[in-house]
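Here's the structure we're looking at; comments come further down.
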Amino acid sequence: MAFTIAIDGPAAAGKGTISRRVAAHFGLAHLDTGLLYRAVGRRLLEGTDPEEAARALRADDLDETLLRTDAVAQAASRVAVIPEVRAALLDFQRAFARRDGGAVLDGRDIGTVICPEAEAKLFVTASAEVRAERRWKELTGRGFEVSPEEVLADVRERDARDMDRAEAPLRPAEDAVVIDTSEMDIEAAVAAAIAAVEARR
Ligand code: DC
């Protein structure tokens, strides 16, 4: 039987780490749906039409090492407002969600649009300031030269675009458990997520 866990939330709230750890804990497959939008965003930066890029997406395009940059993240958030791009990525995500044995999907609209019937839904969030600080540490740790102010402005810009778009905006599903990680370390956040899923099983 398929058991689907939907994990949504804004950029840099800890969703990625939590999703990987929750998937490992329950022995489920995991899909980071942001990578799909990032791969399309990367194609946009190369001059490809985003709708065409979304339709032609292949597994090789999801190589994380090329997709974890701020420029690609911003491009991903821009292509994500295009309804035709979202529609082209829908079937793949839905099929993944219902695969045998179950799955964890993380993104912005998993609990609301992709998989409203998911057995467990989490909304992982944190204040913009805390998320920007975490992102700044991660980027400078990887050798990028950015100021904390630039990172905060980027986080706010991406939040606004992801939340205010007409199609599948970022918001918690009505039946989602909201986990605010502002005051939590990653271990506490993972434990809270696992406890929330256990409560739905
Ligand atoms: O989670 P991420 O930072 O990798 O996502 C990059 C962008 O992709 C994000 O700003 C908005 C978009 N996205 C989306 O619209 N829907 C999803 N399910 C996942 C990501």
Side-chain angles (χ1 to χ4, degrees), residues 4-23 30-45 50-51 53-54 57 61-97 103-116 118 121-126 128 130-132 134-139 142 144 146 151-173 176 179 181 189 193:
T4 310
I5 303 174
I7 303 185
D8 291 303
K15 240 178 14 254
T17 307
I18 291 172
S19 302
R20 276 191 300 277
R21 296 269 302 267
V22 165
H30 170 228
L31 177 66
D32 171 353
T33 64
L35 288 180
L36 305 173
Y37 293 90
R38 283 173 184 259
V40 176
R42 179 161 170 260
R43 289 274 176 262
L44 171 75
L45 296 175
E51 196 184 325
L57 211 63
D61 297 324
L62 303 181
D63 178 356
E64 273 195 69
T65 51
L66 300 170
L67 302 177
R68 295 267 172 233
T69 68
D70 252 25
V72 169
Q74 287 291 352
S77 154
R78 291 208 303 277
V79 299
V81 307
I82 305 169
E84 291 77 10
V85 167
R86 306 200 70 86
L89 302 176
L90 195 77
D91 288 348
F92 175 76
Q93 295 177 80
R94 289 210 170 134
F96 193 97
V104 177
L105 283 82
D106 75 275
R108 302 291 187 287
D109 63 338
I110 308 303
T112 52
V113 174
I114 303 296
C115 217
K121 298 181 191 174
L122 309 181
F123 191 85
V124 178
T125 189
V130 167
R131 289 184 286 121
R134 289 178 189 160
R135 180 52 56 89
W136 178 77
K137 281 190 183 144
E138 183 211 321
L139 288 170
R142 282 163 55 203
F144 289 100
V146 278
V151 178
L152 180 59
D154 265 15
V155 162
R156 290 215 163 107
E157 188 187 330
R158 202 138 71 92
D159 278 358
R161 209 185 290 118
D162 293 350
M163 287 174 192
D164 296 343
R165 67 185 179 217
E167 186 88 6
L170 169 65
R171 61 176 174 78
I179 299 176
T181 68

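First listed ligand is number 1; within each ligand, the first listed atom is number 1.
- Checking side-chain atoms of K121 against main-chain N and O of P116 turns up a donor-acceptor pair under 3.5 Å.
- Taking only nitrogen or oxygen atoms, main chain and side chain alike, D32 does not reach within less than 3.5 Å of ligand 1.
- Between L139 atom CG and D154 atom CG the span is 9.0 Å, to the nearest 0.5 Å.
- A donor-acceptor pair under 3.5 Å links the side-chain atoms of T181 to the main chain of A13, judged by distance alone.
- For D8 (side chain) and D109 (main-chain N/O), a donor-acceptor pair under 3.5 Å exists by modelled atom type.
- Counting protein heavy atoms only, atom 8 (O) of ligand 1 is closest to Y37 CB, 3.4 Å.
- We find the CZ-CD1 distance between F92 and I114 to be 11.5 Å, quoted to the nearest 0.5 Å.
- The closest donor-acceptor contact from the side chain of R20 to the backbone of H30 lies at 3.5 Å or more, if one exists at all.
- Numbered from 1 in the order shown, with element, the atoms of ligand 1 that lie under 4.0 Å from a heavy atom of G34 read 4 (O), 5 (O), 19 (C), 20 (C).
- At a heavy-atom distance under 4.0 Å, no atom of E157 approaches ligand 1.
- Counting protein heavy atoms only, atom 6 (C) of ligand 1 is closest to R158 NH1, 3.4 Å.
- Judged purely by atom type and a 3.5 angstrom limit, R38 uses its side chain to pair as donor or acceptor with the backbone of L67.
- A distance-only check finds a donor-acceptor pair linking the side chain of R86 to the backbone of A80 [under 3.5 Å].
- For the residue pair R161/S77, the side-chain donor-acceptor check at 3.5 Å is satisfied.
- Ligand 1 lies within reach of K15, whose nearest heavy atom is under 4.0 Å from it.
- Shortest contact from atom 4 (O) of ligand 1 to any protein heavy atom: R38 NE, 2.6 Å.
- Per-residue contacts place A76 under 4.0 angstrom from the following atoms of ligand 1 (heavy atoms of the residue considered): 6 (C), 7 (C), 8 (O).
- Only the side chain of R86 comes within contact range of ligand 1, with a heavy atom under 4.0 Å; no backbone atom does.
- The nearest protein atom to atom 12 (C) of ligand 1, hydrogens excluded, is given as A80 CB, 3.7 Å; this is a heavy-atom distance.
- Contacts between R108 and ligand 1 below 4.0 angstrom, taking non-hydrogen atoms only, involve backbone and side chain alike.
- A distance-only check finds no donor-acceptor pair linking the side chain of R108 to the backbone of P169 [under 3.5 Å].
- In terms of polar-atom proximity, defined here as any N/O pair under 3.5 Å, R165 does make such a contact with ligand 1.
- Comparing heavy-atom distances from atom 19 (C) of ligand 1 across V85, D106, V113, T33 singles out T33 as nearest.
- Listed by number with element, the atoms of ligand 1 under 4.0 Å from a non-hydrogen atom of D109 are 16 (N), 17 (C), 18 (N).
- Heavy-atom separations between Q74 and ligand 1 are all 4.0 Å or longer.
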